[in-house]
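All remarks here apply to the structure that follows.
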Number of protein chains: 2
Amino acid sequence: MDVRRLDLLRELAERGSVHAVATATHRTPSAVSQQIKLLEREAGLPLTERSGRGIILTDAGRALAASAIDVAAAIARAEATWDEYIGDPTGHVRVATFPTAGQTFVPPAVAALSRLPGLTVELTNRDADMTDFPSLTADWDIVIAYSLPGQRSWSGRGLRNIYLLSEPLDVVLPLGHRLAGKSELTPEDLVGEPWIGVPEEFAFDRLLHELEAVTHSEIEVVQRISDNLITEALVAQGIGVAFAPRFTASGPEKGIVTRPLTGVEAFRHVLMLMRPDKAERLAVRTVADEIRRQAVALEASHTPAEEPPLVGPRWV
Amino acid sequence: MDVRRLDLLRELAERGSVHAVATATHRTPSAVSQQIKLLEREAGLPLTERSGRGIILTDAGRALAASAIDVAAAIARAEATWDEYIGDPTGHVRVATFPTAGQTFVPPAVAALSRLPGLTVELTNRDADMTDFPSLTADWDIVIAYSLPGQRSWSGRGLRNIYLLSEPLDVVLPLGHRLAGKSELTPEDLVGEPWIGVPEEFAFDRLLHELEAVTHSEIEVVQRISDNLITEALVAQGIGVAFAPRFTASGPEKGIVTRPLTGVEAFRHVLMLMRPDKAERLAVRTVADEIRRQAVALEASHTPAEEPPLVGPRWV
DNA sequence: GCCCACTGTGTAGCATCGCTACATGGATGT
DNA sequence: ACATCCATGTAGCGATGCTACACAGTGGGC
């Protein structure tokens, strides 16, 4: 069975249509269809079946696509070994990030990497809701994602994921707020306050539900905003309080203060998601290592000095 | 880098000449040479250099060939997964064996496997000296090899090896010999006896050297014979004593008796050697599993009943 | 129910690839 | 000096992977 046809089958499993695979691999749908037909002949079993306007994989097709992942990873690993041998981590690496990472540890990583000749990093920013991160790995070599405690950690779908850091989510208050004098808040402190929330499909929303559960009271969400700066501006105007990631929240210069919250697990994990074969590319590993180094440094700079920086990945 | 060209480079690393690779892969030397040239262009470094009438691999060539092994193994693993999925272990498996294995556990394995439609086993017999076993793996999917204690166990050269059994090497005496009344012998018992030995490059020869070291006396080797049956015939005529593998030695009907020897490590390990990628093929695994099953059964039938048969491979 | 859009597939044709046949050159053995 | 062996380059050919295009089936909108 031809390795390139196996790759096309794997893309078909991931992307769902011949048309999408053709676009992603710079071919025409006819070429993809012919190659899948050839693979079916080599395999001796149907790998796809018609379904509405499109096709879906049969059980056999999914099984074969699953085994093709290891092949692709082994080839990438061999190429990475070769690139290491010749001392050449060149290549183009595409990184998708969300705002906090995009404002904090990613820029210094990109700056450091720009000194390596031949290695280029292409960034895009996303503020996807939780279900989108894994899908981004089809087109992005590294996807910087986050998850909240109690959520599944994207370990399914055969993706490699590498823990980066944990970032607390603080409560943002306007200057002069009655709670601004406290050094940290409890859920009971917040009963009765109006909230600037997030769209319901965002993960932060469940934190508000946890507050409701802990305090046995209902929270009033007066606005639902996805942009952090708009949220901060609304809080500064006294329209409500909000959650904000600790590492990027603004300060008194913007009319707000932030306070840590006890009593609920108000933090998120930040991690990188990658397809296993892409993870093996030397260029991708080089970028991932630098991103992790900068994330460890960022987390260290926000914690007591006696706490040693993290070393090595924590697989989740 | 094209997987098929990587395979050719790996064969070149193993077989040493373009001509040999061409023969083994059913191509002309010109085709192999052209494909290696293309691979050099893809890699961006010379992979070979002229050496006399032939070529040798550069350091870069060897490094790339080494990393190609994992690719080949991953592809074979994926194909094996697929063959398992469709319930089809068919294929042609070539097995090289030496006489003891060829007379004992291999025939029942081949008999059992002959019931599987589509799976064929081709045997050859070898009585190679010790340095030849690994080279056989280029052309034979499974090589049944042996090694004596204190020797390296073929774990180099990136080959998969699977322990089968340990076979004692007994002393063969003519009927009526003065030592035939003893149930087991010590090295001291054998001082002064003439020996039917083996060619010096055979591993058994070092057992005689161990006897000399233990007894502080010199052994007289009156004949050097590689064929066990000739050796037994000579012993029966009283020309000397000899070592013989326990599981195939003849008995009193041929004019000889065998006795175990204490005081030296008179046994050999029997194992299977395979190239890692060939080891992953489902057909090869099926044959290897059956051979191992029969070897375990053989060893069990020659040991006290209370000792349970071995389960699972012991990687050496 | 009809029309349009979307998706997948089959066919013809073409550029590229992988190979063989053959010629050539260099090294080694006699 | 000549024969043999091995590797490589070139010309040519069959096979391969692809595109352009036509066609068919399905689903959505009106």
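Every chain is numbered from 1 and lettered A, B, ... according to where its sequence line falls, protein lines coming before strand lines. Just so we're clear, the structure is a prediction, and the values are computed from it rather than from any experiment.
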Distance only, no hydrogens: is a donor on one side chain within 3.5 Å (strictly under) of an acceptor on the other, for Ser147(A) and His269(A)?
no
Check the pair Ile225(B), Val198(B) against side-chain contact (heavy atoms from CB on, under 4.5 Å), reporting the backbone distance first and the verdict last.
CA-CA 5 Å; Ile225(B) 299 294; Val198(B) 292; over 6 Å; no
Earliest and latest nucleotide of DNA chain D, 5' to 3', sitting under 4.0 Å from a non-hydrogen atom of chain B?
dT4(D) to dT10(D)
Return the residues of residues 39-59 of chain B meeting this criterion: a heavy atom under 4.0 Å from some atom of DNA chain C. Order them by number, or give none.
Gly52(B), Arg53(B)
The criterion is side-chain hydrogen bond (donor to acceptor under 3.5 Å, both in side chains); which residues satisfy it with Arg53(A), sequence neighbours excluded?
none
side-chain hydrogen bond (donor to acceptor under 3.5 Å, both in side chains) pairs touching residues 18-28 of chain B, sequence neighbours excluded, are Thr25(B)-Arg27(B)
Quick one: does Ser30(A) reach the base of dG10(C) with a side-chain donor-acceptor pair under 3.5 Å?
yes
Please tabulate the protein-to-nucleotide N/O contacts below 3.5 Å involving nucleotides 17-19 of chain C, giving atom names and distances.
from: dG18(C); atom 1: OP1; to: Arg5(B); atom 2: NH1; distance (Å): 3.3
from: dG18(C); atom 1: OP2; to: Arg5(B); atom 2: NH1; distance (Å): 3.2
from: dC19(C); atom 1: OP1; to: Arg27(B); atom 2: NE; distance (Å): 2.8
from: dC19(C); atom 1: OP1; to: Arg27(B); atom 2: NH2; distance (Å): 2.9
from: dC19(C); atom 1: OP2; to: Gln35(B); atom 2: NE2; distance (Å): 3.3
from: dC19(C); atom 1: N4; to: Gln34(B); atom 2: OE1; distance (Å): 3.4

Give me each pair satisfying side-chain hydrogen bond (donor to acceptor under 3.5 Å, both in side chains) with a member in residues 69-83 of chain A, each pair once, sequence neighbours excluded.
Arg77(A)-Glu280(A)
Asp7(B) bridged to Arg10(B) by N-O distance under 4.0 Å
yes
Using the salt bridge (Lys or Arg N to Asp or Glu O under 4.0 Å) rule, pick out the option among Arg281(A), Arg285(A), Arg94(A), Arg275(A) that qualifies with Asp141(A).
Arg281(A)
Testing the 3.5 Å rule here: is there a donor-acceptor pair between the side chains of Glu290(B) and Thr286(B)?
no
Is there a side-chain contact between Val3(B) and Ile75(A), using heavy atoms and a 4.5 Å cut-off?
yes
If we ignore hydrogens and angles and just use 3.5 Å, is the side chain of Lys278(B) paired with the main-chain N or O of Ala138(B) as donor and acceptor?
yes
